[in-house]
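Bear in mind that the values here come from a model prediction, so they are computed numbers and not experimental data.
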Amino acid sequence: MAARQHPRDVIVRCSGERHRVRLAPGRFWAAARCPTCRAKVDPTRLWRCRTALLNLRAPAAPDVRQRVLWWAVLGYLALAFVSTACLWWLSDRWWLATTLLFGPRWLLLLPLLVLIPLAVRWDRPVLAPLVLSFLVVLGPVMGFRTGWRKLLTSPDSERDIKVVSFNARGGLGVSRATTELMLDWEADIAAFQECRGPLQYAIQQLRDWNTDVTDGLCLISRFPITTVEQMERDAFQVAGGSALVVTYRLDVRGQPVTFTNVHLETPRAGLERIRAGELDEGIPKLQEKSSLREIELRRARRWVEEFPRPHIVVGDFNTPPESPIYRAAWSSWQNAFSVAGRGFGGTRLSGWIRVRIDHILVDQSWRVIDSKVGDDVGSDHLPVLTTLRWKYPL
């Protein structure tokens with residue numbers, strides 16, 4: 001076969017290196033033999049894949065529709081990778097990337113509603129880069145987790161500890177009693193942020209649990225609380241920050257365990273101004289809050305490193321895991337949902353935007369068995385529920 005009849009035809013040499021063979025449409029992966037010498041054609045399938053990809057370097061035909069589709073697919077592929085780079089390297093450094101970090105990233109999937117039907121109708125081979133773009137947006141950009149690791153272990157009620165982190169937004173809207181929440185969550189330890197008003201009072205009145213209320217952070221534990229220490233935060237308050245960090249020492253089945261509850265600064269003030277179109281005020285405010293959050297993340301990390309392990313750190317970090325300032329401070333810690341969660345894990349409810357800013361982190365002393373986002377119980381945050389197992393007998 002001497003000539004190629006169509007730009008998308010896949011033509012490879014037979015194993016005898018004497019003839020060029022066009023693979024029939026619809027039989028791309030099928031085993032093939034040269035019709036002339038009967039030698040096998042590309043038994044490893046590598047050359048046909050390479051050829052098919054090289055064929056995508058240009059539109060399938062010179063007409064306007066094919067050219068527009070080809071450029072649209074190329075542009076969308078570039079958009080997927082540029083968005084990934086912005087999130088993972090430029091967010092909290094450049095205001096536009098930070099807006100994407102806290103914004104509705106799912107909007108990046110909308111072009112596929114148009115591109116996929118057009119590709120099916122006019123040029124099916126370009127579905128390959130569209131699928132690649134979809135996976136990039138779904139994974140690195142939107143943060144989808146498969147949860148495959150938790151399939152390797154099974155729960156053990158005798159060894160596991162169930163931990164919950166929940167920003168209660170003051171507790172006024174919480175729809176269930178505290179004891180009912182603990183039973184529904186099946187929690188051994190529950191940490192609350194923005195714990196005030198009726199919720200704080202209800203926690204202080206619990207008698208069958210070990211509790212602590214410190215500066216808007218609350219803890220409920222089945223295990224005795226032996227010590228409570230709070231990180232110094234006066235300098236952060238003067239700068240307009242939060243930096244609420246409280247560390248507890250718990251007696252977990254005879255083993256001392258360190259547990260830290262955090263509530264760090266939010267970028268909300270800058271984001272709200274930007275969404276309102278007030279860029280002159282919003283951009284500087286967002287950059288200011290990003291710098292303050294970076295300092296708080298690093299200071300909280302240094303604080304927790306002063307305590308012995310095993311250590312669990314939970315709370316409202318107000319920073320998604322894709323942020324470079326979050327990764328610079330906490331990359332050596334296991335993020336429970338990143339390890340064993342399934343789905344996107346959005347915890348902050350803001351209309352049609354869900355951002356994953358509430359985390360449960362553990363050191364290497366722990367194995368994460370399961371992690372998930374709980375149901376809405378009357379806050380603008382959803383609780384994070386995680387099952388942990390210490391790698392050594394407790």
Side-chain angles (χ1 to χ4, degrees), residues 145-167 181-193 209-212 217-228 245-263 300-301 303-305 307-317 321 326 329-343 345 347 356-375 381-394:
R145 313 302 299 185
T146 62
W148 66 268
R149 288 185 180 89
K150 68 181 179 182
L151 300 177
L152 305 178
T153 57
S154 57
D156 184 343
S157 59
E158 298 298 322
R159 301 172 58 195
D160 295 344
I161 298 173
K162 295 188 177 180
V163 177
V164 177
S165 178
F166 177 45
N167 184 320
L181 285 176
M182 296 298 289
L183 291 174
D184 287 347
W185 292 337
E186 299 180 334
D188 295 304
I189 309 171
F192 297 81
Q193 303 85 43
W209 298 81
N210 301 284
T211 64
D212 179 78
L217 298 180
C218 298
L219 185 74
I220 305 176
S221 171
R222 293 188 185 277
F223 312 112
I225 303 170
T226 57
T227 63
V228 180
V245 181
V246 177
T247 296
Y248 315 86
R249 291 288 282 168
L250 308 179
D251 182 358
V252 180
R253 302 167 189 162
Q255 166 70 39
V257 171
T258 308
F259 189 96
T260 296
N261 189 7
V262 309
H263 188 194
R301 167 63 188 276
W303 167 266
V304 303
E305 292 292 353
F307 293 88
R309 301 187 176 194
H311 201 149
I312 304 169
V313 182
V314 311
D316 182 358
F317 287 72
Y326 166 88
W330 296 95
S331 60
S332 63
W333 288 65
Q334 301 180 82
N335 186 304
F337 191 88
S338 296
V339 172
R342 179 181 293 129
T347 58
R356 185 179 153 211
I357 58 176
D358 300 89
H359 308 297
I360 295 179
L361 311 180
V362 296
D363 60 40
Q364 299 303 320
S365 304
W366 300 94
R367 179 178 291 112
V368 182
I369 305 302
D370 188 18
S371 188
K372 61 183 179 181
V373 175
D375 296 331
H381 288 247
L382 299 176
V384 182
L385 294 74
T386 294
T387 302
L388 302 173
R389 182 180 302 164
W390 198 42
K391 293 181 180 179
Y392 309 97
L394 286 173

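Residues Val164 and Trp185 are in side-chain contact: their nearest non-hydrogen atoms beyond the backbone lie under 4.5 Å apart. You'll find the side chain of Ile189 stays beyond 4.5 Å of the side chain of Arg222, heavy atoms only. Considering only heavy atoms from C-beta on, Pro310 comes within 4.5 Å of Gln255 through its side chain. A 4.5 Å side-chain heavy-atom check between Val384 and Thr386 finds at least one atom pair inside the cut-off. Between Arg249 and Pro308 the shortest side-chain heavy-atom distance falls below 4.5 Å. Counting heavy atoms from C-beta on, the side chains of Trp303 and Val245 come closer than 4.5 Å.
Between the side chains of Thr387 and Asp370, not a single donor N or O lies within less than 3.5 Å of an accepting N or O. No side-chain donor-acceptor contact under 3.5 Å links Arg145 and Asn335. Between the side chains of Asp358 and His381, at least one donor-acceptor pair of N or O atoms lies under 3.5 Å.
Heavy atoms only, all atoms of each residue included: Arg253 and Glu158 are closest at NH1-O, 3.2 Å. Taking each heavy atom of Asp188 and Ile161 in turn, the nearest pair found is OD2-CA, 3.5 Å. Scanning both residues, Gly345 and Arg356, for their nearest heavy atoms gives O-CG, 3.2 Å. Listed here is the closest heavy atom pair of Met182 and Ala190: SD-CB, 3.5 Å. Closest approach of Ala336 and Val368 over heavy atoms only: O-CG1, 3.7 Å. Among all heavy-atom pairs drawn from Gly254 and Pro256, the shortest one is O-CD, 3.9 Å.
Taken to the nearest 0.5 Å, the CD1 atom of Ile369 stands 11.0 Å off from the CH2 atom of Trp366. Here the straight-line distance linking atom CG of Leu361 with atom OG of Ser165 works out to 9.5 Å at 0.5 Å rounding. Summarising the geometry, atom OG1 belonging to Thr226 is positioned 7.0 Å from atom CG belonging to Leu250; distances are rounded to the nearest 0.5 Å. Residue Asp160 holds its CG atom at 8.5 Å from OG of Ser154, rounded to the nearest 0.5 Å. A distance of 8.0 Å separates OG of Ser371 from CG of Leu385, quoted to the nearest 0.5 Å.
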Legend entry - side chain to side chain contact (heavy atoms under 4.5 Å, CB included) between Ile220 and Trp209, worked out: CA-CA 6 Å; Ile220 305 176; Trp209 298 81; 3.5 Å; yes

Inset, instruction - Could you go through the side chain to side chain contact (heavy atoms under 4.5 Å, CB included) check for Tyr248 and Val228 one step at a time? - result: CA-CA 5 Å; Tyr248 315 86; Val228 180; 3.7 Å; yes

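Although no hydrogens or angles enter the test, the distance criterion places a donor-acceptor pair under 3.5 Å between the side chain of Asn210 and the main chain of Ser221. Asp363 places a side-chain N or O within donor-acceptor distance of the main-chain N or O of His311, the cut-off being under 3.5 Å. Gln193 contributes no side-chain N or O that, together with a main-chain N or O of Leu217, makes up a donor-acceptor pair within less than 3.5 Å. Counting only distance, with no hydrogens or angles, the side chain of Arg367 and the backbone of Lys391 share no donor-acceptor pair below 3.5 Å. Formation of a donor-acceptor pair under 3.5 Å by the Thr211 side chain with backbone atoms of Leu219 is not found in this model.
Across Val313, Ile225, Val163, Val252, a single residue satisfies side chain to side chain contact (heavy atoms under 4.5 Å, CB included) together with Phe259, and that is Val163. In summary, of the residues considered (Val314, Thr247, Val246, Ile312), a side chain to side chain contact (heavy atoms under 4.5 Å, CB included) with Thr260 occurs for Thr247 alone.
No more than 12 heavy atoms of other residues, nucleotides or ligands sit less than 6.0 Å from atom NZ of Lys372. Counting non-hydrogen atoms of other residues, nucleotides and ligands closer than 6.0 Å to CG of Asp156 gives a total above 12.
Note that Arg309 lies in the cation-pi zone of Trp333, set by a 6.0 Å cut-off to the ring centre and a 45° limit from the axis.
Classified by interplanar angle (parallel below 30°, tilted 30° to 60°, perpendicular above 60°), the ring pair His359/Tyr326 is tilted. Relative ring orientation between Phe166 and Phe192 is described as perpendicular, the plane-to-plane angle rising above 60° on a 0-90° scale split at 30° and 60°.
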